[in-house]
Amino acid sequence: MEIPPGPKGTRDFYPDLMAFQEHLFASWRRTCRRYAFEAWEAPMFEHLDIYTQKSGAEIEKQLYTFEDKGGRMMALRPEMTPSLARMVAAKGTSLKRPVRWYSIARLFRYEKMQKGRLREFFQLNMDILGSSEVGADAELIAAVIDMMRDLGLTGNDFQVRISSRTLLEECFCAIGLPKECFAPIYALLDRKNKITDEEYTAELAEIVADGQLRQRIHDLFSVRGLDGIAALTGATPEQAVLARLFTLLEKYGMSDYVCFDINIVRGLAYYTGIVFEVFAVNKGMRAIAGGGRYDTLVELYGGPPTPAVGFAAGDVVLGDLLQERGLIPPSSPRCSVFITALDDKNFDEVAPVARLLRNAGISCAFPFKRITIGKQLKQADAAGAVITLITGGDESAQGLLKLKRMRDGNETTVPRDKLLENIASMLEER
RNA sequence: GUGACUGUAGUUCAAUCGGUUAGAGCACUGGAUUGUGGUUCCAGACGUUGGGGGUUCAAGUCCCCUCAGUCACCCCA
């Protein structure tokens, strides 16, 4: 009999992987609560329209779509932002602003998979809606950094690169680039790190014929800091916004993690202002998380004008990075107490003891059949028990039970009516 | 959608130029051990070499097809 394979691009969460997943999600939730975000959830599938409406019909290739029994076209959700915009739009102006929401969502994309990309994965989303203040952008950038730090990562492991769509447009206008060149240049910029300098130069020449203009574009993207931009184009409003953002991030104590990088554009159309990406250092600079401002999206779904900013971080690339840096914590013991019986006639006494412990909220397990004490201890070890409780033998006649601390094999004999408090104190001393 | 590489036990990997009955570590099961686990020692089970076809006296090894996986490209909300 052949073992049927799981669907392509999916993972089976055996306990080890599941333990890591729970660790990751717990960390994500901790961070979100520290930043006073509320959890929200949406359906796992939506009407196909809400995705095609936003990104065009060709996106359908990357969606898991199906027709339901009422003939409606549906899609498994590939991202959360459309659902979020839909839900916020549906509440009109009745939601208290700013809305600070987070979700940990299972998502689906029908794609050819490769490293760090699967067809089923999870994402943390944090969004602030209803504030156009740059403080909201700063809050989210601080949050994504704290999320990374909570997992044990440091400034040596990752870096947040920040730019602005608005700033880029200002620069393009200042150097006299025609508007029809904006979109192709965004696309080219997004790939710049992946292609050779020669390819980049050649493709740029196709977009911009004028050599002088190309030189000015080259100068623009060679600029290191915000000051350099100002020197090239003169002062602009968005420069002030970004300067304010970096001042705020300094107040958050996040200066070491962030830098200005005009090359960050974030592929798709709906971003309207500040954009940022979190990169792993030394790993081909792979993007772990990304986000930015999308001030027009809620309106697009029929809601009131609602400025918004958010980011998403995927579990797959982040998991790879944590593994690479040795930051996967060992899983905690599955059971605190393993209950054994020294002799056959005591075997039926373990279940009542288990009931006693379980009623007291202590996790415990015991063997299902009568086996030697040696085997039982072996099982206790395999179960990762902190304590093995041994019933039966001479002690049993005197109303005593034996507790064995598995770490060092130390044994203590305790009266039956003092059992719970002894176990509790042994579990605490760890 | 395009291309490259890899498929051998549950798993990680061996197997000379194409040559005897495809081996080992880990894991698993049992035993040494009928009042004590982790260590050690012994034994056992584990395979249609991804599948199909071809060349050959002889194929895990060479050729063709196919499937699967990995990586890169394309794309990326």
Side-chain angles (χ1 to χ4, degrees), chain A residues 1-11 14 16 46 50-56 58-64 75-85 105 107-119 121 123 125 127 186-187 190-191 194-196 199 265-271 275 277 284 286-287 289-292 294 297 300 310-314 316-317 320 338 340-346 367 370-396 401-411 413:
Chain A
M1 176 72 179
E2 208 166 293
I3 300 163
K8 204 176 204 168
T10 62
R11 286 167 293 175
Y14 290 94
D16 277 355
E46 293 268 7
I50 83 163
Y51 302 118
T52 51
Q53 185 182 335
K54 187 183 124 198
S55 315
E58 74 283 4
I59 199 180
E60 207 177 317
K61 283 198 305 252
Q62 287 153 14
L63 295 177
Y64 277 95
L76 297 183
R77 64 188 183 192
E79 59 165 329
M80 290 302 274
T81 311
S83 300
L84 175 66
L107 304 176
F108 308 86
R109 294 181 190 175
Y110 193 88
E111 294 187 284
K112 171 117 183 176
M113 358 117 28
Q114 53 186 274
K115 191 160 187 62
R117 264 170 78 186
L118 299 172
R119 289 183 173 179
F121 58 96
Q123 262 189 359
N125 281 254
D127 294 272
Y186 287 154
D190 205 32
R191 294 192 299 133
K194 295 179 181 175
I195 60 182
T196 65
E199 286 170 321
V265 290
R266 297 239 80 208
L268 257 274
Y270 68 64
Y271 287 107
V275 288
E277 289 187 4
R286 206 180 165 86
Y294 50 98
L297 197 61
L300 188 74
F311 77 84
V316 184
V317 180
D320 286 350
F338 196 84
T340 63
L342 261 179
D343 17 59
D344 283 2
K345 64 178 189 294
N346 296 105
R370 298 157 195 233
I371 48 174
T372 64
I373 186 65
K375 290 263 169 62
Q376 295 184 76
L377 278 157
K378 211 170 239 196
Q379 283 195 15
D381 192 52
V386 180
I387 301 166
T388 300
L389 190 163
I390 303 171
T391 68
D394 303 336
E395 296 86 347
S396 177
L401 295 165
K402 222 175 203 183
L403 294 176
K404 186 186 182 83
R405 191 165 60 194
M406 296 303 278
R407 179 159 45 86
D408 54 9
N410 211 0
E411 292 185 359
T413 307

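Here the structure is a predicted model, which is why all the values come from computation and not from measurement. Both backbone and side-chain heavy atoms feed into the values below; hydrogens, waters and symmetry mates do not.
- In this structure, B:U56 forms no base pair with any nucleotide, since neither Watson-Crick nor G-U wobble geometry is met with both distances under 3.5 Å.
- In this structure, B:U29 and B:A43 make a Watson-Crick or G-U wobble pair, each of the two defining distances being under 3.5 angstrom.
- Here B:G23 sits opposite B:C13 as a Watson-Crick or G-U wobble pair (both hydrogen-bonding atom distances under 3.5 Å).
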Anything under 3.5 Å between a protein N or O and an N or O of nucleotides 66-72 of chain B, put it in a table, one pair a line.
residue: B:G69; atom: OP2; partner: A:Lys8; partner atom: NZ; Å: 3.4
residue: B:C71; atom: OP2; partner: A:Lys115; partner atom: N; Å: 3.2

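- Here the C1' atom of nucleotide B:C76 and the CD atom of A:Gln123 are 12 Å apart, to the nearest Å.
- Residue A:Phe311 holds its CZ atom at 13.5 Å from CD of A:Glu277, rounded to the nearest 0.5 Å.
- Pair assignment for B:G35 gives none, since no Watson-Crick or G-U wobble pairing has each distance under 3.5 Å.
- To the nearest 0.5 Å, atoms CD (A:Gln376) and CZ (A:Arg370) are separated by 11.0 Å.
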Pairs under 3.5 angstrom, nitrogen or oxygen only, protein versus nucleotides 33-35 of chain B, please.
residue: B:G35; atom: O6; partner: A:Asp394; partner atom: N; Å: 2.8
residue: B:G35; atom: O6; partner: A:Asp394; partner atom: OD1; Å: 3.4
residue: B:G35; atom: O6; partner: A:Asp394; partner atom: OD2; Å: 3.2
residue: B:G35; atom: N1; partner: A:Glu395; partner atom: OE1; Å: 3.1
residue: B:G35; atom: N1; partner: A:Glu395; partner atom: OE2; Å: 3.3
residue: B:G35; atom: N2; partner: A:Glu395; partner atom: OE2; Å: 3.0
residue: B:G35; atom: N2; partner: A:Lys402; partner atom: NZ; Å: 2.5

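- Side chains of A:Lys402 and A:Leu342 form no contact here, defined as non-hydrogen atoms less than 4.5 Å apart.
- Across B:U11 and B:U49, the matching C1' atoms stand 16 Å from one another, rounded to whole Å.
- A:Lys404 has its NZ atom 9 Å from the P atom of B:U36, to the nearest Å.
- The base of B:G37 is paired with the side chain of A:Asp381 by a donor and an acceptor separated by under 3.5 Å.
- Between the P atoms of B:U66 and B:C26, the separation comes to 41 Å (whole Å).
- Of the P atoms belonging to B:U56 and B:A15, the separation is 28 Å, rounded to the nearest Å.
- Side-chain atoms of A:Arg117 and base atoms of B:C75 include a donor and an acceptor less than 3.5 Å apart.
- With both ends at atom P, the span from B:G10 to B:C63 equals 27 Å, rounded to whole Å.
- Here, B:U55 and B:C13 have their C1' atoms 30 Å apart, quoted to the whole Å.
- Per the geometry, CG belonging to A:Leu300 stands 16 Å off P belonging to B:A77, to the nearest Å.
- In this structure, A:Asn410 atom CG and B:G38 atom P are separated by 18 Å, rounded to whole Å.
- By the 4.5 Å heavy-atom criterion applied to side chains, A:Pro367 and A:Phe338 are counted as neighbours.
- Residues A:Leu297 and A:Thr81 are in side-chain contact: their nearest non-hydrogen atoms beyond the backbone lie under 4.5 Å apart.
- Across the protein-nucleic acid pair, A:Gln376 atom CD and B:G37 atom P stand 12 Å apart, rounded to whole Å.
- Contact of the A:Val317 side chain with the A:Phe121 side chain is not registered, since no non-hydrogen atoms from C-beta on lie closer than 4.5 Å.
- Nucleotide B:G1 forms a Watson-Crick or G-U wobble pair with B:C73, both donor-acceptor distances falling under 3.5 Å.
- Taken from CZ in A:Arg109 to CZ in A:Arg117, the straight-line distance is 8.5 Å, to the nearest 0.5 Å.
- Following rounding to the nearest Å, A:Arg119 (CZ) and B:C76 (C1') show an atom-to-atom distance of 14 Å.
- One atom, CD of A:Gln379, and another, C1' of B:C28, lie 14 Å apart when rounded to the nearest Å.
- Comparing B:C17 with B:C46, their P atoms are spaced 32 Å from each other, to the whole Å.
- The side-chain heavy atoms of A:Lys404 and A:Thr340, taken from C-beta on, include no pair separated by under 4.5 Å.
- Within the 4.5 Å cutoff, side-chain heavy atoms of A:Leu377 are placed close to those of A:Ile373.
- Separating the C1' atom of B:A45 from that of B:G60 is a span of 23 Å, rounded to the nearest Å.
- Between A:Lys375 and A:Gly409, the residue anchored nearer the 5' end of RNA chain B, judged by the nucleotide with its closest heavy atom, is A:Lys375.
- B:G31 and B:U12 have their P atoms separated by 30 Å, with the value rounded to a whole Å.
- Note that CG of A:Leu107 and CE of A:Met80 are 6.5 Å apart. Values are rounded to the nearest 0.5 Å.
- At whole-Å resolution of the value, OH in A:Tyr64 and P in B:A77 are 19 Å apart.
- From A:Met406, atom CE reaches atom CG of A:Asp381 across 5.0 Å, with rounding to the nearest 0.5 Å.
- Residue contacts for A:Met80: at a heavy-atom cut-off of 4.0 Å it reaches no nucleic acid atom on any strand shown.
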